[in-house]
Amino acid sequence: MGNQDCTIYIGNIDPQVTEQLLFELISHISPVVSIKMPKDRITELHQGYGFVELRTSDDAEYVKQIYSGLRLYNKPLKISRATQDDNNNSSRSNGGGNNNTSGSINSSFIGIGAILYIGNLDELVDEKILFETFSNFGNLISNPIIERDNITGKSKNFGFISYDSFESSDKAIKEMNGKLILNKQIKLDYAFKSNGKNREKHGDKSERLLAEKAKLNNFNLKASNSSSQQTSTNSNINNNNNNNHNKHNNNNNNNSFQNIRLG
């Protein structure tokens with residue numbers, strides 16, 4: 001994707017959804033610059049996720065607000081803003097001690113700091129596999145991120161996941177570090193802080209103390225895959241349509257796609 005600020009990630013896409021259908025759906029409410037749905041090399045079927053570049057950052061945010069949770073073939077779409085940016089001067093380091101960095105982590109991904117680096121990923125491992133694997137240990141506050149080449153979309157063989165609690169991230173490390181995913185032994189550890197001094201890692205005492213204080217104050221992170229967030233997003237769709245009617249002038253057409261709830 002050419003411009004990460006204008007790009008959204010769409011996950012949980014049903015196998016029956018094609019690039020053409022996705023293009024028609026999104027272009028109904030916003031101009032589409034490009035769509036990329038990575039495909040399996042053998043089956044030539046898409047892998048359940050894709051990236052859509054819109055014309056502006058506002059368009060990307062609008063599409064995310066309108067279509068998050070929309071059911072296509074009875075599967076709710078999971079949409080988030082793309083966070084990787086190979087041209088960004090800020091960087092995030094992996095958990096292996098090498099300065100193999102790319103992109104940046106935005107505040108919604110950081111959460112309390114329970115961020116894990118996943119290294120030595122098989123090139124066929126995608127975000128869907130990471131989500132299905134690591135959501136077993138707790139709530140992920142954002143879609144997993146696999147660092148990819150901006151032009152080819154090819155995996156750089158490492159990525160990041162972020163939990164809403166250190167209990168979940170600790171459990172994931174204990175259960176999965178050194179385990180095989182698609183015949184490659186992964187390396188799992190806390191990620192280095194992008195702005196940390198002396199190569200500090202997430203998951204330190206200060207972050208854990210802050211997390212405990214937040215818990216005592218009844219502060220709860222909203223996991224991106226929680227049903228409450230999806231319900232809230234869906235309840236705001238009509239309001240968002242009305243508030244943005246003058247900008248997009250397409251609500252009547254948009255309603256026709258709300259009926260794509262097949263299964």
Side-chain angles (χ1 to χ4, degrees), residues 1 4 7-19 21-23 25-26 34-53 63-64 67-84 102-103 105 108-109 115-150 152-164 168-169 172 175-176 179-188 223-227 229-230 233 260 262-263:
M1 293 288 140
Q4 291 294 331
T7 301
I8 57 173
Y9 164 87
I10 304 181
N12 200 38
I13 302 176
D14 189 272
Q16 299 176 77
V17 177
T18 63
E19 284 191 3
L21 175 58
L22 203 58
F23 176 85
L25 174 67
I26 296 176
S34 64
I35 292 180
K36 181 177 180 61
M37 296 173 67
K39 296 182 179 180
D40 184 274
R41 293 181 178 180
I42 300 176
T43 66
E44 290 297 316
L45 299 175
H46 72 73
Q47 301 181 53
Y49 70 96
F51 299 91
V52 181
E53 182 180 349
V63 172
K64 187 191 81 168
Y67 282 151
S68 287
L70 176 72
R71 303 182 76 87
L72 293 184
Y73 297 99
N74 208 34
K75 294 185 69 174
L77 297 178
K78 296 181 178 180
I79 304 178
S80 64
R81 299 291 294 274
T83 56
Q84 68 180 51
S102 179
I105 297 178
S108 64
F109 189 85
I115 307 170
L116 302 184
Y117 161 83
I118 313 171
N120 199 38
L121 287 174
D122 187 284
E123 62 181 12
L124 296 180
V125 172
D126 59 23
E127 289 83 351
K128 180 181 179 182
I129 291 176
L130 290 186
F131 181 86
E132 292 176 346
T133 300
F134 289 99
S135 61
N136 291 320
F137 303 105
N139 289 327
L140 299 174
I141 69 170
S142 180
N143 290 313
I145 294 175
I146 293 178
E147 290 295 343
R148 297 182 180 276
D149 184 273
N150 244 5
T152 66
K154 183 178 179 181
S155 170
K156 295 183 178 180
N157 307 114
F158 70 95
F160 300 88
I161 54 175
S162 183
Y163 286 101
D164 67 352
S168 297
S169 55
E175 297 292 333
M176 292 301 297
K179 296 297 177 65
L180 296 176
I181 297 183
L182 295 188
N183 297 318
K184 290 195 72 172
Q185 192 177 44
I186 66 167
K187 182 171 184 177
L188 195 63
S224 63
N225 60 333
S226 67
S227 59
Q229 185 185 44
Q230 291 180 356
T233 300
I260 307 179
L262 311 179

(request) Could you tell me whether the side chain of Leu182 reaches within less than 4.5 Å of the side chain of Ile129, counting heavy atoms only? (result) yes
(message) Can you list everything that forms a side-chain hydrogen bond (donor to acceptor under 3.5 Å, both in side chains) with Asn136? Sequence neighbours excluded, please.
(response) none
(message) For Ser155, give me all partners under side-chain hydrogen bond (donor to acceptor under 3.5 Å, both in side chains), at least two apart in sequence or on another chain.
(response) none
(message) Quick check: closest heavy atoms across Leu124 and Gln47, and the distance to 0.1 Å?
(response) O-OE1, 3.9 Å
(request) Side-chain contact test, heavy atoms from C-beta onward, threshold under 4.5 Å: evaluate it for Leu116 versus Tyr163 and give yes or no. (result) yes
(request) Return yes if some donor-acceptor pair links the side-chain N/O of Asp149 with the main-chain N/O of Lys154 below 3.5 Å, else return no. (result) no
(message) Quick check: do Lys75 and Ile13 have side-chain heavy atoms less than 4.5 Å from each other?
(response) no
(message) What's the separation between atom CG in Leu140 and atom OG in Ser162, rounded to the nearest 0.5 Å?
(response) 8.0 Å
(request) Please name all residues satisfying side-chain hydrogen bond (donor to acceptor under 3.5 Å, both in side chains) with Glu19, sequence neighbours left out, ordered by chain then number. (result) none
(message) Restricting to non-hydrogen atoms, name the atom on Asn74 and the atom on Arg71 that form the minimum distance, rounded to 0.1 Å.
(response) O-NH2, 2.8 Å
(request) Enter the distance from Ile186:CD1 to Tyr117:OH here, rounded to the nearest 0.5 Å. (result) 10.5 Å
(message) Under the rule for side chain to side chain contact (heavy atoms under 4.5 Å, CB included), what residues qualify as partners of Glu175, not counting sequence neighbours?
(response) Phe137, Lys171
(message) Can you give me the closest heavy-atom contact between Pro76 and Gly69, atom names plus distance?
(response) CB-O, 3.7 Å
(message) For the NZ atom of Lys36 and the NE2 atom of His46, what is their distance to the nearest 0.5 Å?
(response) 13.5 Å
(message) Does Tyr67 form a side chain to side chain contact (heavy atoms under 4.5 Å, CB included) with Val52? I'd like the steps, not just the answer.
(response) CA-CA 13 Å; Tyr67 282 151; Val52 181; over 6 Å; no
(request) Begin from the C-alpha positions of Val125 and Thr133 and carry the test side chain to side chain contact (heavy atoms under 4.5 Å, CB included) through to its verdict. (result) CA-CA 11 Å; Val125 172; Thr133 300; over 6 Å; no
(request) Let me see the working for Phe51 and Glu53 under side chain to side chain contact (heavy atoms under 4.5 Å, CB included), right down to the final yes or no. (result) CA-CA 7 Å; Phe51 299 91; Glu53 182 180 349; over 6 Å; no
(message) Minimum heavy-atom separation for Leu72 and Asp14, please, with both atom names.
(response) O-CB, 3.9 Å
(message) Before you tell me yes or no, could you show the steps for Ile118 and Ile181 under side chain to side chain contact (heavy atoms under 4.5 Å, CB included), namely the whole-Å CA-CA distance, both residues' side-chain angles and the distance that decides it to 0.1 Å?
(response) CA-CA 11 Å; Ile118 313 171; Ile181 297 183; 5.6 Å; no
(message) Tell me every residue that passes side chain to side chain contact (heavy atoms under 4.5 Å, CB included) with Lys179, counting only those two or more places apart in sequence or in another chain.
(response) Met176
(message) Using side-chain heavy atoms (C-beta onward) and a distance below 4.5 Å, is Lys156 in contact with Phe158?
(response) yes
(message) For a quick test of reading the model, state the closest non-hydrogen atom pair linking Leu121 to Gly159 and the distance between them.
(response) CD1-N, 3.9 Å
(request) State, with a plain yes or no, whether a side-chain heavy atom of Lys128 is found less than 4.5 Å away from one of Lys78. (result) no
(message) Distance check, rounded to the nearest 0.5 Å: Lys64 atom NZ versus Ile79 atom CD1?
(response) 9.5 Å
(message) So which atom in Gly11 and which in Tyr49 form the shortest heavy-atom distance, rounded to 0.1 Å?
(response) CA-CB, 4.1 Å
(request) Mind checking the CG-CG spacing from Leu22 to Leu77? Nearest 0.5 Å is all I need. (result) 7.5 Å
(request) Please list, chain by chain and in numerical order, all residues satisfying side-chain hydrogen bond (donor to acceptor under 3.5 Å, both in side chains) with Ser168, sequence neighbours excluded. (result) Ser165
(request) Would you give the length of the straight line joining atom CD1 of Ile35 to atom CG of Leu21, rounded to the nearest 0.5 angstrom? (result) 9.5 Å
